[in-house]
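First the structure, in the form of structure tokens, and then the observations on it.
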Amino acid sequence: MPELVFFSGTMDCGKSTLALQIEHNRSARGLQGMIFTRDDRAGEGRLSSRLGLETDAIEAHEGFDFYAYLVAQLSAGSRADYVIADEAQFLAAEQIDQLARIVDDLGLDVFAFGITTDFRSRLFPGSQRLVELADRIEVLQVEALCWCGARATHNARTVGGRMVVEGAQVVVGDVHKPAHGEGADAAAPASEPDAARDGADSGAAGADGAAEVGYEVLCRRHHRRRMTASAARAAALSPEVLPVDGAQPTTRTRAVVTAPADGLHP
């Protein structure tokens with residue numbers, strides 16, 4: 001039976017790498033897929049992995065109709081044995097409905113890949129609809145790690161080195177390359193590709209004077225405490241509290257009572 005499968009995880013856990021692996025394995029068996037993406041780090045019409053792998057893809061812009069596109073392509077004689085939709089969190093709820101219809105009406109497997117929640121720990125509309133409709137949800141087993149070594153479960157955004165929980169939901173970019181980003185009240189389009197962003201490198205200002213935007217994955221505890229890697233380093237480097245001027249250290253003494261030689265108490 002064809003399925004709508006949602007592969008989810010935090011940033012930097014290998015979602016796009018898995019999408020490329022599925023495409024490779026199926027094409028090696030003579031199957032032909034249609035690959036869609038939205039706002040990939042490598043540019044329009046590309047599906048890329050941080051490992052350096054990438055392939056051509058169809059850019060699913062806002063308002064793009066997946067079902068109508070597949071029907072038109074199949075009617076024109078094109079072949080499609082399965083569908084891959086990367087960066088599915090950026091899709092609208094109605095576009096996820098179209099992916100489900102492809103499974104039900106056209107009999108094709110659809111593999112969707114995306115982040116479940118944004119930097120505010122709120123569901124992306126596309127991811128929410130996938131959770132509601134998917135036949136199967138797979139959480140990627142390659143775990144991204146928080147700076148403390150625990151499993152990273154939340155995505156954090158930093159502006160000028162500080163974690164923020166307000167701003168545009170979609171600011172596209174890479175977690176490893178610092179660059180000029182959008183601030184919490186950015187005027188640039190939220191879907192404009194932006195090469196930002198490791199939280200550890202986001203403290204400097206950009207060439208235009210705007211604060212750098214960074215992204216980092218954290219465990220829930222440190223996300224709730226807004227404790228990023230850079231914040232943790234700053235806390236570790238803080239000097240210890242010194243004694244107040246004029247205060248003298250207190251010396252504790254203990255009286256020792258020695259029993260007489262005859263063993264009797266005085």
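Both backbone and side-chain heavy atoms feed into the values below; hydrogens, waters and symmetry mates do not.
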Checklist entry - If you look at every heavy atom in Cys146 and Ala152, which pair is closest and at what distance? => result N-CB, 3.6 Å
Checklist entry - Are side-chain heavy atoms of Ser8 and Ser127 found at a separation under 4.5 Å? => result no
Checklist entry - With distance as the sole test, does Ser78 use its side chain to make a donor-acceptor pair with the main-chain N or O of Leu74 at under 3.5 Å? => result no
Checklist entry - Is the shortest heavy-atom distance from the side chain of Arg38 to the side chain of Leu91 under 4.5 Å? => result yes
Next on the checklist: With a 4.0 Å cut-off on N to O distance, would you call Arg101 and Asp105 a salt bridge?
Outcome noted: yes
Checklist entry - With a distance cut-off below 6.0 Å to the six-membered ring centre and an angular limit of 45° from the axis, does Arg136 pair with Phe6 as a cation-pi contact? => result no
Item to check | Close side-chain approach of Thr228 to His222, heavy-atom, < 4.5 Å | outcome: no
Checklist entry - How about Glu23 and Gln21: does a side-chain donor come under 3.5 Å of a side-chain acceptor? => result no
Checklist entry - Which value, rounded to the nearest 0.5 Å, describes the distance between Arg151 atom CZ and Cys219 atom SG? => result 11.5 Å
Next on the checklist: Can you confirm whether Glu138 sits close enough to Val5 that some side-chain heavy atom of one is under 4.5 Å from a side-chain heavy atom of the other?
Outcome noted: yes
Next on the checklist: Take a 6.0 Å sphere around CZ of Arg29 and say whether it holds more than 12 heavy atoms from other residues, nucleotides or ligands.
Outcome noted: no
Checklist outcome for this item: Interatomic distance, CG@Leu70 vs CD1@Ile102, rounded to 0.5 Å, equals 4.0 Å
Checklist entry - Judged by atom type as modelled, is there a donor-acceptor pair below 3.5 Å linking the side chain of Gln89 to the main-chain atoms of Ile115? => result yes
Next on the checklist: I'd like to check Glu94 versus Asp65 (side-chain heavy atoms, cut-off strictly below 4.5 Å). Are they in contact?
Outcome noted: no
Checklist entry - Under 3.5 Å, is there a donor-acceptor pair between the side chain of Gln95 and the main chain of Ala92? => result yes
Next on the checklist: Rounded to the nearest 0.5 Å, what separates atom CE in Met163 from atom OG1 in Thr158?
Outcome noted: 9.5 Å
Checklist entry - Do Phe90 and Leu4 sit in the same hydrophobic cluster, where Ile, Leu, Val, Met, Phe, Trp and Tyr count as joined when their side-chain heavy atoms come under 4.5 Å apart? => result no
Item to check | Donor-acceptor under 3.5 Å (Trp147 side chain, Met227 main chain) | outcome: yes
Checklist entry - Does His223 use its side chain to pair, donor to acceptor, with the backbone of Phe119 at less than 3.5 Å? => result yes
Next on the checklist: Checking the side chain of Gln32 only, and the main-chain atoms of Tyr82 only, is there a donor and an acceptor separated by less than 3.5 Å?
Outcome noted: no
Checklist entry - Within a strict 4.5 Å, meaning less than it, do heavy atoms of the Leu106 and Tyr67 side chains meet? => result yes
Item to check | Salt bridge flag under 4.0 Å for residues Asp97 and Arg129 | outcome: yes
Item to check | Flag, side chain of Asp81 to backbone of Leu31, donor-acceptor distance under 3.5 Å | outcome: no
Item to check | Ring geometry between Phe36 and Phe64 (parallel below 30°, tilted from 30 to 60°, perpendicular above 60°) | outcome: tilted
Checklist entry - Can you tell if the side chain of Gln73 reaches within under 4.5 Å of the side chain of Met34, non-hydrogen atoms only? => result yes
Item to check | Residue pair Ile58 / Tyr69, side-chain heavy-atom distance below 4.5 Å | outcome: yes
Item to check | side-chain contact (heavy atoms from CB on, under 4.5 Å) evaluation trace for Phe7 with Val139 | outcome: CA-CA 6 Å; Phe7 295 92; Val139 178; over 6 Å; no
Next on the checklist: Donor-acceptor pair, distance only, cut-off 3.5 Å: does the side chain of Glu216 make one with the backbone of Ala229?
Outcome noted: yes
Next on the checklist: Quick check on the hydrophobic clustering: are Ile35 and Phe113 connected, directly or via other members, by side-chain heavy-atom contacts under 4.5 Å?
Outcome noted: yes
Next on the checklist: Quick one, Leu99 with Phe111, criterion side-chain contact (heavy atoms from CB on, under 4.5 Å). Give me CA distance, side-chain angles, the key distance, then yes/no.
Outcome noted: CA-CA 9 Å; Leu99 294 178; Phe111 306 103; over 6 Å; no
Next on the checklist: Could you measure the distance from the CG atom of Leu130 to the OG1 atom of Thr116? Nearest 0.5 Å is fine.
Outcome noted: 9.0 Å
Item to check | Chi angles and distances behind the side-chain contact (heavy atoms from CB on, under 4.5 Å) call for Ile137, Val131 | outcome: CA-CA 7 Å; Ile137 299 174; Val131 170; 4.2 Å; yes
Item to check | Euclidean distance, Ile22 CD1 relative to Asp86 CG, rounded to 0.5 Å | outcome: 10.5 Å
Item to check | Separation of Glu132 CD from Ile96 CD1 (nearest 0.5 Å) | outcome: 10.5 Å
Item to check | Worked check of side-chain contact (heavy atoms from CB on, under 4.5 Å) between Thr37 and Glu59 | outcome: CA-CA 5 Å; Thr37 190; Glu59 188 75 15; 3.9 Å; yes
Next on the checklist: I'd like to know if the side chain of Asn155 reaches the main chain of Asp118, judged simply by a donor and an acceptor atom lying under 3.5 Å from each other, with no hydrogens or angles considered.
Outcome noted: no
Next on the checklist: Show the nearest heavy-atom pair for residues Leu108 and Ala80, with the distance to one decimal.
Outcome noted: CD2-O, 3.3 Å
